[in-house]
Amino acid sequence: MTPAPFTADDYKARMERAATSAADAGLAGLLVAPGPDLVWLTGYQPTATTERLTLLVLAPGQEPTLVVPTLEAPDAERAPGAPVLTLRDWTDGMDPYSVTAPLLEVNGRFGVSDNAWAMHLLGLQQALPGTSYASLTESLPMLRAVKDAHELERLAAAGAAADAAYEEILKVRFSGRKELDLAADLADLLRQFGHSQVDFTVVGSGPNGANPHHEAGERTIENGDMVVLDFGGLKHGYGSDTSRTVHVGEPDAEEQKVHALVREAQNAGCAAVQPGIACQEIDRVARAVIDEAGYGAYFIHRTGHGIGVTTHEPPYMIEGEEQPLVPGMCFSVEPGVYLPGRFGVRIEDIVTVTEEGGHRLNSTARELAIVE
């Protein structure tokens, strides 16, 4: 079932919350370039990102204003958030920074979306030498972190679709086929189950599984291989990301041991999710299980990352991240063990924080599946 689209009122509420959050952070406002932040705030995504300045300006007590090239204004006017925006267009030959500068406090410090072009910031700084800028990841890292009920519905649907893809891939022959073949199968399945965008399909077989972000390649999968599967993308504009590790034929004793260890660590990390605890505690709990078993040196990445309109975003489950968990946050819990030259194991679910604890958005079996 397709969820109801977000309304102009939804986007208005997001923009108001963003402007208030900026003021609370001591910022004069926010400058949002094309990318996931602009989509989340307005529903607008230019058909092509070009050198022409497109910028949403948000500031407390000021009407949200989207500066757009005149040739793209008709598309911007059709965006679902357009009814609660002021559009200010500029034509080729004009100075877009002189159009934008009157919207900015002359000596203000502004949060800027991370993917803004340097040439645009430099142009604004030249027009307003008293301004300064900070990335949104630095200044407002939790801007999109807490999801509302409609966003959670989309994340749950994306997770269910990824689960369906995993159930189907277990029916496919692995032995004798290239990693690239399995990756293509996974991509096709994600689209079959409603994904509009496939972001990654990691297939790491045998020793390649010891590289957490291995790009599926020409290696032929063999009987006796452990195979790490990590895949996801966007459905209804929201992300999926799940990992399972399977084995071709019967595993040996150490393969079973390491898989059981990672499963224990992943269960511990998920069980630790509670409102109010720091993000780093999820990493600590999962990592402690692996450390105590003597494999700590082989767990070489953070335990998790946030997910929403992108498949990787704040908050991060990593030592040093003291941000408390808040109901509505969604993130991965994905410990792993990677033995160089031999094999790797990773198990990953998306978890959302509730008032009572954590709720997994992935429900496929976490036991070591045996495939052919």
Side-chain angles (χ1 to χ4, degrees), residues 5-46 49 53-68 76-77 79-88 100-105 107-117 120-121 124 128 131-152 154-155 237-239 305-310 312-316 323-331 353:
F6 294 119
T7 67
D9 286 341
D10 292 325
Y11 293 112
K12 180 180 180 181
R14 290 177 186 178
M15 286 188 279
E16 288 175 347
R17 175 154 62 93
T20 300
S21 297
D24 292 344
L27 299 170
L30 302 181
L31 308 178
V32 184
D37 291 314
L38 186 63
V39 172
W40 183 75
L41 286 163
T42 70
Y44 177 51
Q45 184 168 7
T49 302
L53 177 72
T54 296
L55 200 68
L56 174 67
V57 180
L58 299 177
Q62 182 175 306
E63 287 293 318
T65 301
L66 182 63
V67 178
V68 293
E77 289 168 352
V84 293
L85 282 169
T86 297
L87 291 182
R88 181 172 293 191
T100 310
L103 303 172
L104 276 57
E105 184 182 315
N107 294 310
R109 182 168 178 79
F110 294 87
V112 182
S113 54
D114 294 359
N115 52 340
W117 286 29
H120 294 152
L121 280 188
L124 286 173
L128 294 171
T131 54
S132 60
Y133 306 94
S135 75
L136 285 188
T137 292
E138 172 193 336
S139 56
L140 286 179
M142 298 299 121
L143 180 64
R144 304 195 319 256
V146 179
K147 275 66 179 180
D148 63 26
H150 299 297
E151 292 180 290
L152 293 174
R154 285 163 168 79
L155 283 161
Y238 280 75
H305 57 82
I307 190 169
V309 294
T310 57
H312 287 73
E313 63 185 44
Y316 298 104
Q323 166 68 39
L325 298 183
V326 176
M329 284 182 173
C330 290
F331 50 85
V353 184

Walk me through it: do Met15 and Val84 pass the test side-chain contact (heavy atoms from CB on, under 4.5 Å)?
CA-CA 9 Å; Met15 286 188 279; Val84 293; 3.6 Å; yes
Does some side-chain heavy atom of [Y] sit less than 4.5 Å from a side-chain heavy atom of [X]?
X      : Y      : answer
Trp40  : Arg14  : yes
Met329 : Pro315 : yes
Phe6   : Pro80  : no
Val57  : Leu104 : yes

Specify the closest pair of heavy atoms between [X] and [Y], including all atoms of both residues, with the distance to one decimal.
X      : Y      : answer
Gly239 : Leu155 : O-CD2, 3.4 Å
Ala79  : Tyr44  : CB-CB, 3.7 Å
Leu128 : Ala101 : CD1-O, 3.7 Å
Ala116 : Val112 : CB-CG1, 3.5 Å

Once side-chain contact (heavy atoms from CB on, under 4.5 Å) is applied, do any residues pair with [X], and if so which ones, sequence neighbours excluded?
X      : value
Ala59  : Gln62
Gln45  : Val39
Asn115 : Pro36, Ser113
Ala23  : Pro60

Could you go through Leu136 and Leu30, starting from their C-alpha distance and side-chain angles, then the distance that decides it, and tell me whether this counts as side-chain contact (heavy atoms from CB on, under 4.5 Å)?
CA-CA 8 Å; Leu136 285 188; Leu30 302 181; 3.7 Å; yes
From [atom1] ([X]) to [atom2] ([Y]), nearest 0.5 Å:
X      : Y      : atom1 : atom2 : answer
Leu31  : Thr100 : CG    : OG1   : 9.0 Å
Leu55  : Leu124 : CG    : CG    : 6.5 Å
Phe110 : Ser139 : CZ    : OG    : 12.0 Å
Asp114 : Glu138 : CG    : CD    : 9.5 Å
Leu152 : Tyr238 : CG    : OH    : 9.5 Å
Leu56  : Leu66  : CG    : CG    : 6.0 Å

Knowing that exactly one of Leu58, Leu27, Leu140 qualifies, which makes a side chain to side chain contact (heavy atoms under 4.5 Å, CB included) with Ser21?
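Only one option passes, and that is Leu140.
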Would Asp10 and Thr7 count as having a side-chain donor-acceptor pair, cut-off 3.5 Å?
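A pair is found: one side chain offers a donor N or O, the other an acceptor, under 3.5 Å apart.
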No-hydrogen, no-angle side-chain donor-acceptor test under 3.5 Å, Arg88 and Thr65:
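Side-chain D/A pair, Arg88 to Thr65: absent.
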Side chain to side chain donor-acceptor pair (under 3.5 Å) with Thr20: which residues, sequence neighbours excluded?
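Testing Thr20 for side chain to side chain donor-acceptor pair (under 3.5 Å), a comparison that skips the adjacent residues, returns none.
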Per the side-chain hydrogen bond (donor to acceptor under 3.5 Å, both in side chains) rule, what does the pair list look like for residues 141-150, sequence neighbours excluded?
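Qualifying pairs, neighbours excluded: Asp37-Arg144, Arg144-Thr310, Arg144-Glu313, Lys147-Glu313.
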Would you sort out whether Val326 and Val353 count as a side-chain contact (heavy atoms from CB on, under 4.5 Å), showing the intermediate values?
CA-CA 6 Å; Val326 176; Val353 184; over 6 Å; no
